[in-house]
Structures are given as C-alpha cells and as structure tokens.
There are 2 protein chains.
Amino acid sequence: MGLPKPTAERLSQLARLLEQRGGKNAPLSSAEIEQLTGWPSHTVRKDISLLGIPPEASTTLGYAPALLARAIRERLGFAEKAHPCCVVGLGRLGSAFLDYEGFGDGPFTLVAGFDSNVNRLEILKADFPLYPTFKMKDVIGRLGIEFAVLCVPPAQAQAACDRLVECGIVGVVNFTPVILSVPHGIEVENVSIIDALGTLVARLAARSNQ
Amino acid sequence: MGLPKPTAERLSQLARLLEQRGGKNAPLSSAEIEQLTGWPSHTVRKDISLLGIPPEASTTLGYAPALLARAIRERLGFAEKAHPCCVVGLGRLGSAFLDYEGFGDGPFTLVAGFDSNVNRLEILKADFPLYPTFKMKDVIGRLGIEFAVLCVPPAQAQAACDRLVECGIVGVVNFTPVILSVPHGIEVENVSIIDALGTLVARLAARSNQ
DNA sequence: AGTTGTGAAGGTATTCACAGCG
DNA sequence: CGCTGTGAATACCTTCACAACT
C-alpha cells in the first residue's frame, strides 16, 4: 500500500535533511525534527510509522539517521543507482545547472542537456554531453532518462514540454513561469520563482484562518 | 474568513494562468480550466465560490478572465503595487535573475541584490542596485522588502536565512538544497532542483495508492 | 442546453491520547 | 521516565448532485 501524498513529500525532505547532517549519527528525536522542520512531532512520528521502518532504526532516544534515511529512500522507490535527468534549455538559468554541485551523492544526476541553439552548445562546458533538440527522442530513450528540468524561454515552454512527454519523460521540473498542461499520469513540479512567490503570498493570506 | 491553503495556492496559479492568456478575454469555463490545469472542474468551481467573486465575473458561458484574475489577486492580499523582493547570493544561479523577464507586469519586482563578494558586485549588471551583504539590514528596511530569493552556496544557506529573518523578511524562496529552519510565522518555499525531483519521485511513489 | 454555485456526503490527513517498550 | 508507535477522534478538503440562472 502507498503513502499519503503529503506524507511522502515530507519523508522525501526528511531523508535529505538526515543525509545533510553528514557525520552526526546520534539518534534524532521527533521533537528535534520538529525544531528543524516545523512539522509537529506527532506528524513526524505518524509519517514514520506509516513508513514501516525496521526496529533497529528507532531507539528509546530517537531515530537512527542513517538507517531511517535509507528506509525512506527504499520505500519511496528511489532507485539504487541515480535517476538520470536532463536539462532542457541552456540559457542563463539552464546553464547554471551544468556545474551545479548540489546533487552530491544524492539519487539524481544530470546526464544530458538540450538546446536548439547549436552555437551555444559549442560554447558551454559540462560534465555530461549536450545535444541539439532534434536528438531528444533518441537520447532520452537510449539513456533511460526519466525526468526533465525545463528552463526554456516562456514562449517555448508548452511546446518543449509536449515534446518531452512524447519522448517518454515521466516528470518535469518546471522552472518557467508558464502553467503547463500535461496528460494524466505525468507529474509537474513548478519551481519558478514567480510561482514560489505567489505561493508565499497565498500561504500568508491563508493564515487569516486564525 | 480565510481560504483553505490548497485553495489559495490553486487560485494563485489560476490568476497567473489567466493573466498569461493576455489578449484572450473570452469567457473561460471551469471545464476548460480543468483541461489546462488538471484540477477537476468542481474543485475549480468550489475554489472560486469560496473566493466570493462579483457576479459580473461569471456568465453562463464561464468566467471573465480579467475580472476573475483581479478578484483573486485582491482576495489573496496581493498589493496594488508590486511586492518588493531581493536576491541573495549572486553566483551563477542568483545572477540569472538579474535580467529575468518572467516578472512582466505581475505583482512582484526585484529591487535589490546582495552578495558578500564585492568584486562580483562590480562586474554584474542589473536593472536594480546590488549591495554588499553588510548593507542588508539597512536596505531591506528602507525599501520595505518582504521576500528574499535565496541563491547562496549550501554551506551559507542557514546563516543567510537567519540574517534575512532578523532583517524582517517574511518569506523566503529557497533555491538551495538545504532544509531551512525558520521561526514560526516565516514562510519558506523550497524551490531547489533537488527538492523538486524528490517531490516528483515521492508523488509517483504515492500513486501506488491506486 | 450549458453553465455556475453550493449544501451535504464522502474521503484523507492531522491531531490527540495513551499504551508499550527499552 | 522519555521516547516511539498507533488506534480513535477530529478537522480539513474534495467530490457529488442538483438547484438556479441565462
């Protein structure tokens, strides 16, 4: 059986938080997690309970970070090897990811970049190969790429997204401010600065609930 | 009374979608909005109903885009004039926002940038002034900046965030992969590529609900 | 006919409260 | 004791079904 969506999202972040703490392998209590994340401790415990962790991962002092993180990753279906991803659109924003260090040893890696401007492909340097857009279908299929990071100009966003879906991409991280339409079954995560600011205002407004 | 948080977030996106359609002022039905966004039409209608729109904004053919968008913006507490925002950390990612066009005539504008590297400040060009970090308190107070876009390297993220909170910032758009701890009352929207990919996997995993 | 608008029903997630365990 | 783990209670959001309107 699957986890509730909000639970899955919290756990995914929790795993990252645990991994970020690096050395610190001292047990971490639900109360401390509340401190760090703002999620109430009972929500944290419930989430972990739904996860169904092995008994060694929790002691009378709290949770064992490394074991808990691994349990989460497994349960959420993160592959053993990294998930291959690609960047689409290598303008200022897209090219900022070519040497992005945030991936570390996490479960994702960039394995390809695409841009329709061939000149640009020649100028840019990256640790992975860059391709002209017309090779998209071929490359995505061959490398088994699952996710795309969309950084094209707004006017091309929907078209590029449609194309990615055709190529078999299953999830899109959308850095453009365009609201994308996708077929059922494809996940989009909006990550545009505009969206994020809008969400902040919306949440601050929702506060008036009391 | 306030709106439910999910409703507020959907409406915020809907407003953007309506504004993006620019010229098209033909009425838009809840069924068409479902097409574009994937939200079921009854959810759309319920959201709009909770919003409490003026009667002119809906006809027997659908909603009047411009009027609806304005009603949403007002209800969500978007100011008449733009909300002032700042970018903190002007590396590859942060500096990509210096000439970002996505803001258009929307409700947000960047009015300041900060970086601790003074050399970098001299090299970069922007439509708004850039400052060394030590002027943060002064500038944020003087310009009434409400939101910050955090693009510093991971190792400095929490410290920079703490500082922003001290300066009176009320919301942070977090482009770093670090999970930030903030005091109650401050909103953080995580917008890092890592987070977004994690969320995608989490959501795809949650599907196994059937 | 085709649309919105909304009370009522249903489903999901959060919160509570306490049992259970080291 | 202080912590986790979890059924039960609550609150919240979504979905339904149909009335009202043009």
Side-chain angles (χ1 to χ4, degrees), chain A residues 1-14 18 26-65 67-68 71-72 75 184 202-203 205-210, chain B residues 1-14 18 26-65 67-69 71-72 75 184 199 202-203 205-210:
Chain A
M1 78 295 182
L3 300 165
K5 200 185 282 201
T7 292
E9 294 194 20
R10 278 190 302 265
L11 287 174
S12 162
Q13 282 197 54
L14 178 56
L18 295 170
L28 197 65
S29 70
S30 57
E32 290 171 293
I33 297 174
E34 169 167 2
Q35 266 298 307
L36 293 166
T37 60
W39 310 321
S41 65
H42 41 305
T43 300
V44 172
R45 289 205 302 281
K46 175 62 113 186
D47 286 347
I48 294 176
S49 139
L50 293 172
L51 175 68
I53 54 166
E56 322 86 86
S58 77
T59 76
T60 179
L61 296 166
Y63 302 96
L67 293 173
L68 179 53
I72 294 172
R75 185 66 150 71
H184 199 75
R203 284 213 289 255
R207 287 267 184 80
S208 328
N209 285 2
Q210 234 76 194
Chain B
M1 79 293 181
L3 300 165
K5 202 186 280 202
T7 293
E9 294 194 20
R10 279 191 301 268
L11 288 174
S12 162
Q13 282 197 53
L14 178 56
L18 295 170
L28 196 64
S29 71
S30 56
E32 290 170 293
I33 296 174
E34 169 167 1
Q35 267 298 306
L36 294 167
T37 61
W39 310 320
S41 65
H42 34 38
T43 299
V44 172
R45 289 204 301 281
K46 177 61 115 182
D47 286 347
I48 293 176
S49 138
L50 293 173
L51 175 69
I53 53 166
E56 321 87 85
S58 76
T59 74
T60 180
L61 296 166
Y63 301 96
L67 293 174
L68 178 55
I72 294 173
R75 185 65 150 74
H184 198 77
T199 301
R203 282 213 288 255
R207 286 268 182 81
S208 327
N209 286 1
Q210 236 75 202

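Each chain gets a letter, A, B and so on, in the order its sequence line appears, and its residues count up from 1. Every heavy atom of this structure was used, including side-chain atoms; hydrogens, water molecules and symmetry mates were not. Source: prediction; values computed, not measured.
Of the possible polar contacts, one joining the B:Glu32 side chain to the B:Ser29 backbone as a donor-acceptor pair under 3.5 Å is found.
Taking every side-chain heavy atom of B:Thr60 into account, D:dT22 is the closest of D:dC13, D:dT14, D:dT22. The side chain of B:Ile53 lies closest to C:dG5, out of D:dG5, C:dG5, C:dT14. Closest contact between the side chain of B:Ser49 and the listed nucleotides C:dA13, C:dG5, D:dC16 involves C:dG5. In this structure, of D:dG5, C:dC16, C:dG5, it is C:dC16 that holds the atom nearest to the side chain of A:His42. Of all nucleotides listed (C:dT14, D:dC16, C:dT4), C:dT14 comes nearest to the side chain of A:Thr43.
C:dC16 atom C1' lies 14 Å from atom CD of A:Glu34, rounded to whole Å. In this structure, A:Leu28 atom CG and D:dT4 atom P are separated by 9 Å, rounded to whole Å. If you measure from atom CH2 of B:Trp39 to atom P of D:dT15, you get 13 Å, rounded to the nearest angstrom. Between A:Ile48 atom CD1 and D:dC3 atom C1' the separation is 12 Å, expressed in whole Å. Atom CG of A:Leu61 and atom C1' of C:dC21 are 13 Å apart (whole Å). D:dT14 atom P lies 13 Å from atom NZ of B:Lys5, rounded to whole Å. Atom pair B:Leu51:CG and C:dT6:P shows a separation of 11 Å (rounding to whole Å applied). Atom CG in A:Leu50 sits roughly 10 Å away from atom P in D:dG7 (whole-Å rounding).
In this model, no donor atom of one side chain and acceptor atom of the other lie less than 3.5 Å apart for B:Ser12 and B:Glu9.
Residue B:Lys46 is the one, among A:Arg45 and B:Lys46, whose nearest nucleotide of DNA chain C lies closer to the 5' end (criterion: closest heavy atom).
At a threshold of 4.0 angstrom between heavy atoms, the contacts of B:Pro40 are confined to the sugar-phosphate backbone, with no base atom among them.
Atom CD1 of A:Ile33 sits about 5.0 Å away from atom CG of A:Leu14, to the nearest 0.5 Å.
Dashed line: the shortest gap from a side-chain N or O of A:Ser58 to OP1 or OP2 of D:dG5 is under 4.0 Å.
Evaluated for a side-chain contact (heavy atoms from CB on, under 4.5 Å) with A:Lys46, the options A:Ile48, A:Thr43, A:Leu50 yield exactly one hit, A:Leu50.
Closest approach of A:Arg10 and A:Trp39 over heavy atoms only: O-CH2, 3.3 Å.
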